[in-house]
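Remarks on the structure that follows.
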Protein chains: 2
Amino acid sequence: MSERLFENIKNLQLLQFAKQKHVSASEIYIPQGKIYKKIFFIKKGTLRSYYLTETGEEKTIFFRWDGQFGAIPECIFDNQTSNQIWQALEDCELFEIDFDLLEEMSENNVKLMKIRLGFVQVMLLEAIQRIEGFVLDKPEARYQKLISQKPEINNRVADKYIASYIGVTPVSLSRIRKRLTSQKK
Amino acid sequence: MSERLFENIKNLQLLQFAKQKHVSASEIYIPQGKIYKKIFFIKKGTLRSYYLTETGEEKTIFFRWDGQFGAIPECIFDNQTSNQIWQALEDCELFEIDFDLLEEMSENNVKLMKIRLGFVQVMLLEAIQRIEGFVLDKPEARYQKLISQKPEINNRVADKYIASYIGVTPVSLSRIRKRLTSQKK
DNA sequence: TAACCTAATTAGCTTTTGTTAATTTATTTC
DNA sequence: GAAATAAATTAACAAAAGCTAATTAGGTTA
């Protein structure tokens, strides 16, 4: 789905407005407290977004992969600052498109507006599936589904980030993994 | 935000295409397994969406209130059937707009396309806040935030629906409530 | 109003998770 | 490659949640 979106963006020659950007593994891509009004496309690599809690813990909310688009919704939709921090988990090659420019250009361009719509729809469908997982499944099932949907995650993302993504602590995820491997026998 | 959207829809005389519908409290508004390609606006009342588990349990995923729009994303975005069931929790007065018609009309109409975009953006922001709650907060905090954001929910929605909405069992929610009231003293 | 039905609470017990700290395993860095 | 650092696992205990069933409270209906 993201791929189709990327095709559309290429066809509309949007890429001429895109800047290429490299972020090395473990580097912060977007720091806290910004109004980051850009849409990014990940050509290669993995990103995560997280919040810092009062006790200084990091809680990972999203992962974004090669072939996916991303943005900080409250920034581009509401012009608000965000406490989200985006960090590269692998060396990343990104395309960035300025959102204000995109908005301006789409103001009188149905095709472009439709692309924006498609972009948001994809994110919404993903978000809803995630919510359904929290309501319908227990942590164990959320972990299993994540692994089966994205097997490479095991090699590409540290468990501690996966843990908070599915809503548990790293210690608890470790126990879940142990339970699952012992059940397999 | 929804209100602004509704204003826009009125200004564009979209309401002439809308059908009014009444659903009585406890009645099923949208049954399981449909491709329900409509957008609805709740003039009055409360709706919930839920899934049936293999054991026949009902898991409430969403609430929708007066002044809010709703739709089944997988139906309107992907033309897929949905296992979501929508039920009225109070007597509801709804406006329904046919999505295929909306899509057709917006195909060459930037303003309308922009309204669709706004509609999806609102839903996405809500969804992300919900996800953040599941990752950052424990059930107790999710319950407190829900109550403070929507105090009337206590009188308008049964606790058992609130329970699965925040991701716990009714028994557990009852204990959470007890803990909270005893802490207040 | 009484009888009925459903929701909410409580209780008792099991399972899972959180927390803290120690230990082992991987990974990075010099 | 060895030392240093960080991640993952394990352990021990406390807190919370799930589950089942019984009880109480609220509402609905005849």
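Naming convention: chains lettered A, B, ... in sequence-line order (proteins, then strands); numbering from 1 in each chain. Note that the structure is predicted; figures quoted are calculated from it, not measured.
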If I take atom CD from residue E103(B) and atom CD1 from residue I76(B), how far apart are they, to the nearest 0.5 angstrom?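 Here the rounded value is 9.0 Å.
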
Roughly how many Å is it from [atom1] in [X] to [atom2] in [N], rounded to a whole number?
X       : N       : atom1 : atom2 : answer
Y143(A) : dT17(C) : OH    : P     : 13 Å
D159(B) : dT24(D) : CG    : C1'   : 15 Å
L180(A) : dT16(C) : CG    : P     : 11 Å
I176(B) : dT9(C)  : CD1   : P     : 11 Å
E140(B) : dA16(D) : CD    : P     : 7 Å
K178(A) : dT16(C) : NZ    : C1'   : 15 Å
R177(A) : dT10(D) : CZ    : P     : 10 Å
E58(A)  : dA7(D)  : CD    : P     : 9 Å

Among [options], the nucleotide that comes nearest once only the side chain of [X] is considered:
X       : options                   : answer
Y161(A) : dT10(C), dA7(D), dG18(D)  : dA7(D)
V171(A) : dA21(C), dA6(D), dT10(C)  : dA21(C)
S172(A) : dG18(C), dG18(D), dT16(C) : dG18(C)
R179(B) : dA7(D), dT17(C), dA17(D)  : dA17(D)
K160(B) : dT9(D), dA8(C), dA17(D)   : dA8(C)

Backbone N/O of [Y] and side chain of [X]: donor-acceptor pair under 3.5 Å:
X       : Y       : answer
R142(A) : I166(A) : yes
T169(A) : S172(A) : yes
Q87(B)  : S26(B)  : yes

Give one of base, sugar-phosphate or nothing for [X], where a contact means two heavy atoms less than 4.0 Å apart.
X       : value
R175(A) : base
S174(A) : base
P139(B) : sugar-phosphate
K138(B) : nothing

NZ or CZ of R130(B) within 45° of Y165(B) ring axis and under 6.0 Å: yes

Is T169(B) near enough to dA17(D) that one of its side-chain N or O atoms lies under 4.0 angstrom from OP1 or OP2? no

